[in-house]
**Student:** 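Please find one structure pasted underneath; my questions will follow.
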Amino acid sequence: FSEKQTMGFQAEVKQLLQLMIHSLYSNKEIFLREMISNASDAADRLRYEALDQPEIYENDPDLKIIISYDKDKRTITISDNGIGMTKEEAIAHLGTIAKSGTKEFITRLTGDEQKDAALIGQFGVGFYSGFIVADKITVETRKAGTPATEAVRWESTGEGDFSVETIEKTRRGTDITLHLREGEDELLTNWRLKGIIRKYSDHIPIPIQMEQDIWDDETKSMKPGTELATVNQASALWSRSKSDVTDEQYKEFYKHVSHDFNDPLTWTHNRVEGRTEYTQLLYIPKHAPFDLWDRNKRGGIKLYVKRVFIMDDAEQLMPVYLRFVKGVIDSNDLPLNVSREILQESRDVKMIREGSTRRVLSMLEELANADEQEKKDQYAEFWDQFGQVLKEGIGEDAANKDRIAKLMRFSSTHNDTDIQNVSFDDYISRMKEGQDKIYYVTAENYAAAKNSPHLEIFRKKGVEVLLMTDRVDEWMLSFLDKFEDRELVSVAKGGLDLGTLEDEEEKKHFEETQTDYKDVVGKMKKVLENEAKDVRVTHRLTDSPSCLVVDEQDLSNNLQRMLKAAGQ
Ligand code: ADP
Ligand code: MG
């Protein structure tokens, strides 16, 4: 069984590798950050597993990462004593991309390096980034708690296949050796590697060590020594005080926890004291992930208890409609052996979730209500990426419904654009004398909404109408019949009551028309007996001769269409 086996990469891996090597080259230093990030994750997982199996520490409890290089062999090695991998895990984790949406992602790549670099960054490529600088990667790894003879060597030139074979390895964990491509020798100095580590990985909570160069009196220059020294600060970033953390460090930490290559949009960092004590460091990404709409998608919060990593994707810590939030929550009160089941029941968790939800909403309000253009732009960017998800909160989070409603943005007849940038407050500030309701129309898309015949009377009267065209709008509106004390009214429903917006003369004219057209309406009702419930004279229209409306209590046209499409 120890024979060397060769296996093919999953098709997506092959494609991704080629594209990544070219498009990320200008940012090649990130390979080291990705390797260190994985080593740190492996340490987190080991510490967690060891909570109830302390023997897997194998008398080597000081978790750390060691970076070394060999000028003659032209290699860089990243070693950790984390959880390690079995052969099956190495095959699965290093030969395939388990992330959902990978296929779709690949089809979106264009071949244009600049555009693709941005896309790839969004996707997060992790381990494979090693191939940007290496033409061969050797991984030697042994899972904690397994015999030294059951370690594995994984090796690949990143071209289409990889090999695995069983080897012997005494030290637990993973050594990753990058055999550098021609021309990458500039990476092979102590100060260069140290510089990269400080820049990208200072926040890693365990020591990252390198052998220190020492002064050589003979050659009057520095030469590699054997004494290890720690390069990073090696303390959990979220446990430091805000004033000790730079924006750059916050950003790099984000990339580590989110597996995103891009900077975050914004973040919030707080220590919460009171009935339950915890620290939260929560980020809003710049871009929606590919699997934002995946209903089974796990959350983006890592749970720690007193600095010990407990689990990724602790979905109980954030409501579903904030599933795009990434970051860390570190509780002082939860038990270390907390399971997903316990999390579901825990009152502490409930309080943490509520507190974190409020934090995220305040963070968004800060952008949404800011005077600075930069923050306003950031909110627009946020809304563009995540607005539709936030709208789910109207139905999901009754307690914060009003705050969420204030954060919503719509397109509207006031602006001639499909950009959603009108808030309820904007709308109210422009309401006509005598108008007491908020009018909206729902439609499948912006063009359909904008050209809806239902809008004619509103145009004539200069009354603004919100154009609701997101899939979630109908559902959202079923939970939102009012904003503050103003009723939300669909312009397509029932006998439209424009209230005091109508003047006496118009009312009289309308009544006269109704009498005049009584016969015509009667005939039409007969003809349309099976198609229409009722035929009415309307004052809604100015240009179109007729339009379809639904009764107040009936499903709206758009929702009917959606249900039909869904086969209901
Ligand atoms: P991600 O970190 O987003 O999961 P990566 O491509 O960086 O994706 O890594 C893929 C997987 O390979 C990891 O999820 C992990 O299971 C495994 N892996 C990579 N490096 C290590 C390591 N040093 N120790 C243990 N497992 C590792
Ligand atoms: Mg990774």
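Just follow the structure's listing: the first ligand is 1, and inside any ligand the first atom is 1.
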**Student:** N/O of Y128 under 3.5 Å from N/O of ligand 1, yes or no?
**Tutor:** no
**Student:** To the closest 0.5 Å, what do you measure between CG (N232) and NZ (K194)?
**Tutor:**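 So the gap between those two atoms works out to 12.0 Å.
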**Student:** Need the ligand 1 atom indices (1-based, order shown) with element for anything under 4.0 Å from a heavy-atom of A42.
**Tutor:**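 That gives atoms 24 (N), 25 (C) of ligand 1.
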**Student:** Pick one of side chain, backbone, both or neither for how T141 approaches ligand 1, counting any non-hydrogen atom pair under 4.0 Å.
**Tutor:** neither
**Student:** Whether R409 engages the ring of F382 as a cation-pi pair (distance to the six-membered ring centre under 6.0 angstrom, angle to the ring normal within 45°) should be assessed.
**Tutor:** no
**Student:** Among D175, N38, V13, which one has a heavy atom closest to atom 9 (O) of ligand 1?
**Tutor:** N38
**Student:** Between H259 and ligand 1, does any nitrogen or oxygen pair lie at a separation below 3.5 Å?
**Tutor:**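 Yes: some nitrogen or oxygen of H259 is under 3.5 Å from one in ligand 1.
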**Student:** Can you say whether the rings of F324 and F386 are parallel (under 30°), tilted (30 to 60°) or perpendicular (over 60°)?
**Tutor:**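 Rings of F324 and F386: parallel, under 30°.
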**Student:** May I have the step-by-step check of ring pair (Phe, Tyr, Trp, His ring centres under 6.0 Å) for F127 and W154, ending in yes or no?
**Tutor:** CA-CA 13 Å; F127 173 78; W154 178 104; 5.4 Å; yes
**Student:** Going by the side chain to side chain contact (heavy atoms under 4.5 Å, CB included) test, name the single residue among V308, D312, L317 that passes it with L303.
**Tutor:**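 Considering V308, D312, L317, a side chain to side chain contact (heavy atoms under 4.5 Å, CB included) with L303 is found only for L317.
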**Student:** A side-chain contact here means heavy atoms from C-beta on lying under 4.5 Å apart; do T77 and I176 qualify?
**Tutor:**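 They are not in side-chain contact.
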**Student:** For ligand 1, which atoms sit closer than 4.0 Å to a heavy atom of F127?
**Tutor:** 5 (P), 6 (O), 7 (O)
**Student:** Hey, mind stepping through T138 and R153 against side chain to side chain donor-acceptor pair (under 3.5 Å) and telling me if it holds?
**Tutor:** CA-CA 7 Å; T138 310; R153 177 184 296 126; over 6 Å; no
**Student:** Judged on heavy-atom distance to atom 14 (O) of ligand 1, which of R45, H256, M35, K143 sits nearest?
**Tutor:**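 Closest candidate by heavy-atom distance is R45.
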**Student:** Mind checking whether H93 has an N or O less than 3.5 Å away from an N or O of ligand 1?
**Tutor:**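 Looking only at distances, the answer is yes, because the N/O contact criterion of under 3.5 Å is met.
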**Student:** Keeping to distances under 2.8 Å, can you name the protein N/O/S atoms close to the Mg ion (ligand 2)?
**Tutor:** N38 OD1
**Student:** So, regarding G126 and ligand 1 (criterion: nitrogen or oxygen to nitrogen or oxygen, under 3.5 Å), is there a contact or not?
**Tutor:**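 No, there is no polar N/O contact under 3.5 Å.
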**Student:** Relative to each other, are the rings of F253 and H203 parallel, tilted or perpendicular (30° and 60° limits)?
**Tutor:**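 Judged by the thresholds at 30° and 60°, the geometry between F253 and H203 is perpendicular.
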**Student:** Please state whether E34 comes within less than 4.0 angstrom of ligand 1, counting heavy atoms only.
**Tutor:**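 E34 does not count as a contact of ligand 1 under the 4.0 Å cut-off.
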**Student:** Which pairs of donor and acceptor atoms, one on a side chain in residues 36-56, lie under 3.5 Å apart (sequence neighbours left out)?
**Tutor:**
| unit_1 | atom_1 | unit_2 | atom_2 | d |
| --- | --- | --- | --- | --- |
| S37 | OG | H256 | ND1 | 2.7 |
| D41 | OD1 | K302 | NZ | 3.4 |
| D44 | OD2 | Y304 | OH | 2.7 |

**Student:** Just jot down the ligand 1 atoms closer than 4.0 angstrom to any heavy atom of L94, in number order.
**Tutor:**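 By the 4.0 Å cutoff, the relevant atoms are 12 (O).
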**Student:** Quick one: does ligand 1 sit under 4.0 Å from the side chain of E89, the backbone, both or neither, non-hydrogen atoms only?
**Tutor:**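 It is neither; nothing of E89 touches ligand 1.
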**Student:** Does the side chain of T174 come under 3.5 Å of the side chain of T141 through a donor N or O and an acceptor N or O?
**Tutor:**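 A donor-acceptor contact under 3.5 Å links the two side chains.
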**Student:** Is the ring pair Y283/W267 parallel, tilted or perpendicular, if the boundaries are 30 and 60 degrees?
**Tutor:** tilted
**Student:** Working note: K199 + E248, criterion salt bridge (charged side-chain N to carboxylate O under 4.0 Å, His left out); need CA distance, chi angles, decisive distance, verdict.
**Tutor:** CA-CA 8 Å; K199 180 167 171 198; E248 280 316 310; over 6 Å; no
